[in-house]
Amino acid sequence: MITDPRVFRDDHLPRELKHREAEIEDLSHALDPALAGRPAADVLLAGPSGVGKTALARHTLGKLDQFATVAHTHIQCLGESTTDVLQAALDDLPGHSATDAASVDDLRVALREAVDQPAILVLDEADSLPETDVLDVLDDVPLVSFIAVVHDPQRWLSRAPDAVRRAVSGPIQLGRYGVDELSSILRARANVGLRPSVVSDDQLRGIADEVAGVARSGIQVLRAAAEVASERGHARIHDTDIEDAYERAQHRIRRSKLYSLTFHHHVLYGLVHEAGEVPAGELHDRYDAVGEQMYYGRERTPVGRRSRRNKLRKLVEYELVEAVGDSKSRVYRVVDESVTPSLDSGMCVESVESDDAGNTTSF
DNA sequence: TATCCACCGGAATTTATGGAAG
DNA sequence: CTTCCATAAATTCCGGTGGATA
């Protein structure tokens, strides 16, 4: 059924990016100066999960390569520290002799020395950059510019250094795809990655509609549907295969997000999952009650309430937990009951599995 | 309505960790 | 080995918000 698995991977970049012409144009425009040896503009690229922010950046940089060689590199910022990010930039950009074990200041200096041509960094998942040190340094290296890929541009801007806030252009805002748009994208993937005529246009429209225009989800559903159909010995994809595929795909995506988080997050997720829906105060009480034994025998110890709020916020960002209401009336609940916690308040069995979907689970 | 209380989240501060210098 | 320093994580402090209660 699946003839080319590559086209269903998260990191697959199709030759043509459909329905993003205007955004490609905007981004190209911002990068234009680099073609003439001048620094490109810093750009903010915003939009919800899975609608092609990263693909847009990669695609546009690829186009740039056709006209001139402009150094660029892609950096995954999620969970990385300031030095990790800067070190990655230094390693991937041309023209530097390997330096390691460097402080932020050393890296700043090294970058200034190494870069003598315009260079562009794609800062993926830049929401999670630990504070603004990275941006301060980049602001200090004139030839280096960045494309910051974020979910919430207002929040990002409010935390950015003043100089960056003034200079950055955009945000280029990507929305969810319409049903027509996404089904044509899915059709293109099916044509390349699946045997001919195994899925109908109506079925693709159904998928596009159900995933609410989130391309990543749509593509994973299509892939899972083909897998399910194969497992059942179907020659074509049946509607029932798609129904079951939806579960499988969403479940996979969510589960790998959960696994990428720390033990603290797992404890809190487990408590919310167990309760179904729980007011903030009660959640904290439960944490206090079972915390000691949950953490027993681990290198980590229970955290205070303020830190828990940060963990919970992360769970909300990852769309694993929903927070309804503000302040006093805040209630937490899990988004998908079927994503079961890796531990419960009794035993602490944690099985760490790799993401078998072959995806870099970003969000 | 006025007041209180619990929670949220920004900012400042403290603590823990790892790596380099002496 | 000890000291010093940088960084990340956690905590403390606190103003803001909005239900609950008198």
Side-chain angles (χ1 to χ4, degrees), chain A residues 75-91 97-112 123-141 150-165 260-269 271-272 275-292 294-335:
Chain A
I75 300 171
Q76 182 60 246
C77 303
L78 183 62
E80 303 298 321
S81 67
T82 302
T83 48
D84 290 338
V85 171
L86 293 175
Q87 187 72 57
L90 201 51
D91 289 343
S97 49
T99 56
D100 48 35
S103 69
V104 171
D105 248 1
D106 294 340
L107 287 162
R108 181 202 308 265
V109 172
L111 264 179
R112 290 184 71 114
L123 302 176
D124 213 340
E125 307 297 341
D127 302 85
S128 64
L129 276 182
E131 294 317 306
T132 58
D133 290 356
V134 170
L135 300 175
D136 278 328
V137 170
L138 296 184
D139 193 51
D140 206 39
V141 186
V150 304
H151 293 118
D152 182 345
Q154 265 63 50
R155 182 176 159 77
W156 190 87
L157 282 169
S158 74
R159 302 170 134 210
D162 286 347
V164 170
R165 194 175 316 138
S260 73
L261 293 171
T262 72
F263 182 70
H264 303 302
H265 297 98
H266 284 253
V267 172
L268 286 163
Y269 182 83
L271 290 173
V272 177
E277 179 172 303
V278 57
E282 194 184 324
L283 177 60
H284 283 301
D285 289 345
R286 291 193 186 210
Y287 185 98
D288 291 330
V290 301
E292 283 302 325
M294 296 272 285
Y295 283 82
Y296 181 78
R298 297 193 170 263
E299 75 276 23
R300 297 195 172 275
T301 54
V303 293
R305 297 195 172 217
R306 181 66 187 87
S307 295
R308 292 176 217 166
R309 289 203 285 273
N310 285 341
K311 313 294 177 204
L312 285 164
R313 182 212 257 268
K314 180 68 88 175
L315 286 168
V316 171
E317 265 182 54
Y318 273 49
E319 294 175 347
L320 291 163
V321 165
E322 221 176 345
V324 187
D326 287 318
S327 68
K328 189 92 181 283
S329 59
R330 169 74 62 93
V331 168
Y332 294 100
R333 96 165 64 95
V334 295
V335 171

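- Distance from the side chain of Val303(A) is smallest for dA10(C) among the nucleotides dC8(B), dG18(C), dA10(C).
- OP1 or OP2 of dC8(B) lies within a sub-4.0 Å distance of a side-chain N or O belonging to Tyr332(A).
- Judged by distance alone, the side chains of His264(A) and Tyr269(A) never bring a donor and an acceptor atom under 3.5 Å apart.
- Using a 4.0 Å cut-off, no side-chain N or O of His264(A) falls inside it from OP1 or OP2 of dA9(C).
- In this structure, CG of Leu312(A) is placed 8 Å from P of dC8(B), rounded to the nearest angstrom.
- Summarising the geometry, the separation between CG on Leu283(A) and P on dC7(B) is reported as 10 Å, rounded to the nearest angstrom.
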- Message: Using side chain to side chain contact (heavy atoms under 4.5 Å, CB included), reason through Leu320(A) and Leu261(A) one step at a time and then give a plain yes or no.
- Response: CA-CA 11 Å; Leu320(A) 291 163; Leu261(A) 293 171; 4.1 Å; yes
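- Distances from the side chain of Arg309(A) to the nucleotides dG19(C), dG9(B), dC7(B) place dG9(B) closest.
- Distance alone, capped at 3.5 Å, places no donor-acceptor pair between the Arg333(A) side chain and the Glu322(A) backbone.
- The separation between Arg305(A) atom CZ and dC8(B) atom P is 9 Å, rounded to whole Å.
- Residue Arg330(A) has a polar side-chain atom (N or O) positioned under 4.0 Å from OP1 or OP2 of dG9(B).
- A donor-acceptor distance shorter than 3.5 angstrom exists from the side chain of His265(A) to the backbone of Thr262(A), with no hydrogens or angles considered.
- One atom, CZ of Arg308(A), and another, P of dA6(B), lie 16 Å apart when rounded to the nearest Å.
- Look at Arg300(A) and you'll find a side-chain N or O under 4.0 angstrom from OP1 or OP2 of dA10(C).
- On a pure distance criterion of 3.5 Å, no polar donor-acceptor pair joins the side chain of Arg313(A) and the base of dG9(B).
- Here the side chain of Tyr332(A) pairs no donor or acceptor atom with the backbone of Leu312(A) at under 3.5 angstrom.
- Atom pair Asp326(A):CG and dG10(B):P shows a separation of 13 Å (rounding to whole Å applied).
- Not one side-chain nitrogen or oxygen of Lys328(A) sits closer than 4.0 Å to the OP1 or OP2 atom of dC4(B).
- To the nearest angstrom, P of dG9(B) lies 13 Å from CG of Leu315(A).
- The side chain of Arg306(A) approaches dT11(C) more closely than any other nucleotide in the set dT11(C), dC5(B), dT17(C).
- Distances shown here put a side-chain N or O of Ser307(A) below 4.0 Å from the OP1 or OP2 atom of dT11(C).
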